[in-house]
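One structure below.
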2 protein chains.
Amino acid sequence: MNTSFENLKQELKEKNINLSYQRLKVLEYLNNNRCHPTVDKIYTDLHKELSTLSKTTVYNTLRVLAESGMVRVITIEDNETRYDINVENHGHFKCDSCGEIYDFSVNIDSLIGEGLDGFMINSKNVYFNGICPNCLSNKN
Amino acid sequence: MNTSFENLKQELKEKNINLSYQRLKVLEYLNNNRCHPTVDKIYTDLHKELSTLSKTTVYNTLRVLAESGMVRVITIEDNETRYDINVENHGHFKCDSCGEIYDFSVNIDSLIGEGLDGFMINSKNVYFNGICPNCLSNKN
DNA sequence: ATTAGATTTGTAATGATTACAAAATTAAAA
DNA sequence: TTTTAATTTTGTAATCATTACAAATCTAAT
């Protein structure tokens, strides 16, 4: 069990979130699969080794983790909510051809919205759409 | 009938999109209601004066307009797709308390995603969340 | 061990969006 | 102008992600 996961467990504990088996499994999954999975993918994959898992639990857990700031909710597309355990400063690019989501480096924190004086800003998201190099070369 | 709407009609024509009555009504609505309306709001409001209008038509029209680049699709929240006739360079702030969406000025075009060499970028979106001044002062 | 509270589970309900085919409208051709 | 073909609109039904809910299970504290 790697250190990173232990840190995440510690973080849960500090935030007074119960360390139930299911929650730890979801957290571990997100830590090992940094592909911005959907609820369905998380559920389907975890269900293989944890057949009693309910999809509702995955939803509940992700809500708890998002509210606590441990995961970032990605709504780059309206028909699929995705989750990212990497809450650091970065942007998301979605390929409209293959659907893959790529991280990219952009200094979001330094983005200042002019005209937002007096607003309390809680989160910033930068989403790009287009075609990835793979699909461009495959002429999809 | 204002000039701006005439320009929009012209733009439709140039893009070879049929100027049906329903499409013109939706376009006119978006031009007059720059509050980033949802499909349901557009439909409900237009239905009052055009009782034969179907919600499917609103969906179809918005898809056509979005594909042609005449409206921007806003998916700041996963449970409500919104539409903006202002496709110029700006960001969107959603108040988590009252739900209102505010435009703000940010130089999106100049945002360069480092690590996106070889990617074809078709659209860029900047979304902020937080609490607006109104709700802050109302202590909601 | 007991109890209270939190979590999980499965099913049913919700709600936005899409699929589809018939009806209506528009555009093009004769 | 009539005819024909193509496009658009409409209403209903289907789909799919998400949420609501209540019973069952689990956890933590006494």
Side-chain angles (χ1 to χ4, degrees), chain A residues 9 12-29 36-68 70-71 73-84 94 96 99 101, chain B residues 9 12-29 36-68 70-83 94 96 99 101:
Chain A
K9 275 176 68 174
L12 277 184
K13 199 176 281 179
E14 284 163 9
K15 288 176 191 292
N16 284 320
I17 299 174
N18 280 345
L19 277 57
S20 79
Y21 186 64
Q22 290 85 344
R23 286 177 178 174
L24 288 176
K25 274 299 183 184
V26 169
L27 196 64
E28 185 187 42
Y29 182 90
H36 322 92
T38 60
V39 165
D40 198 65
K41 178 154 179 55
I42 297 168
Y43 169 74
T44 304
D45 286 352
L46 282 180
H47 187 76
K48 288 168 191 162
E49 54 170 312
L50 181 52
S51 63
T52 58
L53 182 68
S54 159
K55 194 178 264 192
T56 301
T57 298
V58 178
Y59 274 104
N60 287 341
T61 300
L62 291 170
R63 182 172 40 71
V64 169
L65 294 177
E67 282 171 356
S68 77
M70 288 190 67
V71 306
V73 181
I74 303 176
T75 51
I76 198 169
E77 212 76 76
D78 59 340
N79 59 339
E80 52 172 31
T81 305
R82 291 168 174 274
Y83 296 86
D84 193 351
K94 172 160 186 177
D96 293 324
I101 292 190
Chain B
K9 275 176 68 173
L12 277 184
K13 200 176 280 182
E14 284 164 8
K15 290 179 189 291
N16 285 319
I17 298 174
N18 279 346
L19 277 59
S20 78
Y21 185 65
Q22 289 84 345
R23 285 176 179 175
L24 288 175
K25 275 299 184 186
V26 169
L27 196 64
E28 186 187 44
Y29 182 89
H36 322 91
T38 60
V39 165
D40 198 65
K41 177 152 180 56
I42 298 169
Y43 168 75
T44 303
D45 287 352
L46 282 180
H47 186 76
K48 288 167 189 161
E49 55 171 311
L50 180 53
S51 63
T52 57
L53 181 68
S54 158
K55 195 178 264 192
T56 302
T57 298
V58 179
Y59 275 105
N60 287 341
T61 300
L62 291 170
R63 183 172 38 73
V64 168
L65 293 177
E67 282 171 355
S68 76
M70 287 189 67
V71 307
R72 179 189 287 208
V73 180
I74 303 176
T75 51
I76 198 169
E77 213 75 77
D78 59 340
N79 58 338
E80 51 173 30
T81 304
R82 292 169 172 273
Y83 296 87
K94 171 158 187 177
D96 293 326
I101 292 189

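All chains are named by letter (A, B, ...) in the order of the sequence lines, taking the proteins before the strands, and each is independently numbered beginning at 1.
For B/Tyr59, there are no ring-ring contact (aromatic ring centres under 6.0 Å, His included) partners at least two apart in sequence or on another chain. Residues satisfying the side-chain hydrogen bond (donor to acceptor under 3.5 Å, both in side chains) test with A/Thr81, not counting sequence neighbours, are B/Asp78. The ring-ring contact (aromatic ring centres under 6.0 Å, His included) test applied to A/Tyr29 returns no partner, not counting sequence neighbours. Every residue was checked against the side-chain hydrogen bond (donor to acceptor under 3.5 Å, both in side chains) condition with B/Asn18, not counting sequence neighbours, and none meets it. B/Asn79 is linked by a side-chain hydrogen bond (donor to acceptor under 3.5 Å, both in side chains) to nothing, counting only residues two or more places apart in sequence or in another chain. With sequence neighbours left out, the side-chain hydrogen bond (donor to acceptor under 3.5 Å, both in side chains) criterion links B/Glu80 to B/Arg82, B/Lys94.
Between B/Ile74 atom CD1 and C/dA16 atom C1' the separation is 17 Å, expressed in whole Å. The interatomic distance linking B/Leu24 (CG) with D/dT9 (C1') rounds to 14 Å, in whole Å. Atom CG of A/Leu12 and atom C1' of D/dT27 are 16 Å apart (whole Å). Atom CD in A/Glu77 sits roughly 13 Å away from atom C1' in C/dT17 (whole-Å rounding). In this structure, B/Tyr43 places its OH atom 15 Å from C1' of C/dG15, rounding to the nearest Å. Between B/Lys25 atom NZ and C/dT25 atom P there is a gap of 17 Å when expressed in whole angstrom units. If you measure from atom CD1 of A/Ile42 to atom P of C/dT8, you get 14 Å, rounded to the nearest angstrom. Between the C1' atom of C/dA24 and the OH atom of B/Tyr21 lies a distance of 16 Å, rounded to the nearest Å.
Atoms CG and CG, from A/Asp45 and A/Leu53 in turn, are 11.0 Å apart once rounded to the nearest 0.5 Å. The distance from the CD1 atom of A/Ile101 to the CD atom of A/Glu77 is 8.0 Å, given to the nearest 0.5 Å.
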Q: Could you run through nucleotides 21-26 of chain D and give me one letter per nucleotide, 5' to 3': B if any protein heavy atom sits under 4.0 Å from the base, S if only the sugar-phosphate is that close, - if neither?
A: ------

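Residue pairs meeting the salt bridge (charged side-chain N to carboxylate O under 4.0 Å, His left out) criterion with at least one partner in residues 51-62 of chain A, sequence neighbours excluded, are A/Asp40-A/Lys55.
Put simply, B/Thr52 has no side-chain N or O that comes within less than 4.0 Å of OP1 or OP2 on D/dT9.
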Which atom pairs link the protein and nucleotides 4-8 of chain D when you take only N or O atoms and keep those under 3.5 Å?
unit_1	atom_1	unit_2	atom_2	d
D/dT7	O3'	B/Asn18	ND2	3.2
D/dT8	OP1	B/Asn18	ND2	3.2
D/dT8	OP1	B/Arg23	NH1	3.0

Can you give me the N/O atom pairs linking the protein to nucleotides 16-18 of chain D at distances under 3.5 Å, or say none if there are none?
unit_1	atom_1	unit_2	atom_2	d
D/dT18	OP1	A/Thr81	OG1	2.8
D/dT18	OP2	A/Tyr59	OH	2.6
D/dT18	O5'	A/Tyr59	OH	3.2

Polar atoms only, N or O, under 3.5 Å: list the protein pairs with nucleotides 2-4 of chain C and their distances.
none

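The backbone N or O of B/Ser68 sits less than 3.5 Å from a side-chain atom of B/Lys15, completing a donor-acceptor pair. Side chain of B/Thr75 to backbone of A/Thr75: a donor-acceptor contact under 3.5 angstrom is found.
B/Leu12 and B/Leu65 make their closest contact through CD2-CD2, 3.7 Å (heavy atoms, listed as atom of the first residue, atom of the second, distance). The two residues A/Ser51 and A/His47 make their nearest non-hydrogen contact at O-CE1, 3.0 Å. Summarising the geometry of B/Leu24 relative to B/Leu19, their closest heavy-atom pair is CD1-O, 3.8 Å, with the distance given to 0.1 Å. Nearest heavy atom pair, residue A/Ala66 against residue A/Val73, reads CB-CG2, 3.8 Å. Among all heavy-atom pairs drawn from B/Leu27 and B/Lys9, the shortest one is CD2-N, 4.4 Å.
Rotation axes derived from the C1' atoms of the five outermost pairs at either end of the helix from C/dA1-D/dT30 to C/dA30-D/dT1 lie 30° apart, to the nearest 10°.
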